[in-house]
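Quick notes on the structure that follows.
Start at 1 with the first residue, then count along the sequence. Both counts, for ligands and for their atoms, begin at 1 and track the order of listing.
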Amino acid sequence: AIQGMFEGPLSGRHVLVTSGPTHEPIDPVRYIANRSSGAQGTAIAAALRDLGARVTFVTGPASVPPPQGVDVVRVETAAQMLVAVEAALPADAAVMAAAVADWRVENAGASKMKKVAGALPVLSFAENPDILATVSKGAARPALVVGFAAETDDVLAHARAKRLRKGCDWIVANDVSPATGIMGGSENAVTLITGSGEETWERAPKEEVARRLALRIAEALGAAVT
Ligand code: CTP
Ligand code: CA
C-alpha cells in the first residue's frame, strides 16, 4: 500500500472530537467561561489523525491552536457546539473532551450593560443542552462514545455515575483539584472507565494520554493495532 499521512489503523474512519471551553455571553463584551485550555482535546484529535482517522474537531475558544490535518469547526457557545456536533454526524466514534459551560445567561443583552452607581446587575441562568448525553442517546449515535469527567473529591464515584447517567460507552476520569496542577497544565493522570473494567494510567504528558486513548479507540473499532 502507498504510505501516506492517512494510512493507519483508523484509515477510512470518521471520529468527532469536541474540545476547549465554551463562552456564554453576558453582553457583547462580557462572557462566562471556564479554565479549559483545550490541550487534551487537541492532543486527542492529533493522535486520532496520526492513526489515519478523518477527524472533525469542534472547538470552543481554546488557548492552544487546533491540530493540522483535521477539519476544524470553531464555535463559541454550548448551543453552537451542539449544532456543529449534530452536523458532523455520522461518525464511527465521538470523543467529547470539551468543557461545556453548564449554564448560559438567559437575560444576556445585545447592548453593553452600563455600570450604574449603587446598582448591581442580576444575571439569570438557563441550563445548556448536554451534548454528550444528546449524542449518546440520539438516533445517529456513533458506535463508540467517549466522555470525560473532570472531578474533585470522590473522582471515580462521580465518574462512574456520570458514565451511566450520560449513556456513553467510556468515560475518562481525571482529578482536577487545584493541588494536582492538571487544569491548564501539560500532563494528565486519568482512569479509563469502560463497561468491562477500569484502568488507571500513570501521570504522563497529555500527548501520551491521547496516544493511549487513540490506540484503545482503534482497538475497539476493530482495527488491527500493532
Ligand atoms: N458535556 C457536554 N455537554 C454539557 C456538559 C458536559 O457534552 N452541557 C460533556 C463533557 O464534554 C464531558 C462530559 O459531558 O465529556 C462530562 O462533563 P461534566 O461537566 O463533567 O459533566 P456534568 O454532567 O456537566 O456534571 P458536573 O455537575 O460535574 O459539571
Ligand atoms: Ca459540567
Would Lys162 and Glu151 count as a salt bridge (charged side-chain N to carboxylate O under 4.0 Å, His left out) if you check the C-alpha gap in whole Å, the side-chain angles of each, and the deciding distance to 0.1 Å? CA-CA 10 Å; Lys162 199 164 273 180; Glu151 308 286 353; 2.5 Å; yes
Closest protein heavy atom to atom 3 (N) of ligand 1, given as residue, atom name and distance to 0.1 Å: Ile131 N, 3.0 Å
One residue to check: Lys166. Relative to ligand 1, which of side chain, backbone, both or neither has a non-hydrogen atom less than 4.0 Å away? side chain
Salt bridge flag under 4.0 Å for residues Lys112 and Asp27: no
Pairs of nitrogen or oxygen atoms closer than 3.5 Å, one from Val100 and one from ligand 1: do any exist? no
Check each atom of ligand 1 against the heavy atoms of Pro129 and keep those under 4.0 Å away; list them by number with element. 3 (N), 4 (C), 8 (N)
Under a heavy-atom criterion of less than 4.0 Å, does Ala98 contact ligand 1? yes
So, applying side chain to side chain contact (heavy atoms under 4.5 Å, CB included) with Val95, which one of Val172, Ile44, Leu144 is it? Ile44
Check this for me - ligand 1, Ala97, N or O atoms closer than 3.5 angstrom, yes or no? no
Does atom CZ of Arg35 have more than 12 heavy-atom neighbours from other groups under 6.0 Å away? no
With nothing but distance in play, are any N or O atoms of Ala149 less than 3.5 Å from an N or O of ligand 1? no
Are any side-chain N or O atoms of His14 and backbone N or O atoms of Val55, one a donor and one an acceptor, separated by less than 3.5 Å? no
Identify whether NZ of Lys or CZ of Arg in Arg212 sits under 6.0 Å from the centre of the six-membered ring of Trp201 and within 45° of that ring's axis. yes
So Tyr31 and His23, would you call those rings parallel, tilted or perpendicular, with 30° and 60° as cut-offs? parallel
Is the shortest N/O to N/O distance between Ala101 and ligand 1 below 3.5 Å? no
Tell me the protein heavy atom at minimum distance from atom 9 (C) of ligand 1, and give that distance in Å. Leu132 CB, 3.7 Å
Are Glu127 and Arg104 close enough for a salt bridge, meaning some N to O gap below 4.0 Å? no
The test is side-chain hydrogen bond (donor to acceptor under 3.5 Å, both in side chains); show your working for Thr59 and Ser19 and say whether it passes. CA-CA 5 Å; Thr59 180; Ser19 185; 4.6 Å; no
Of the listed options Met96, Lys162, Glu127, Glu151, closest to atom 28 (O) of ligand 1 (non-hydrogen atoms): Lys162
Of the listed options Thr18, Leu82, Asp102, closest to atom 29 (O) of ligand 1 (non-hydrogen atoms): Asp102
Per-atom contacts of ligand 1 with Gly147, taking only distances under 4.0 Å to non-hydrogen atoms: 15 (O)
Measure the distance from atom 12 (C) of ligand 1 to every protein heavy atom, then report the residue, atom name and distance (to 0.1 Å) of the closest one. Phe148 O, 3.2 Å
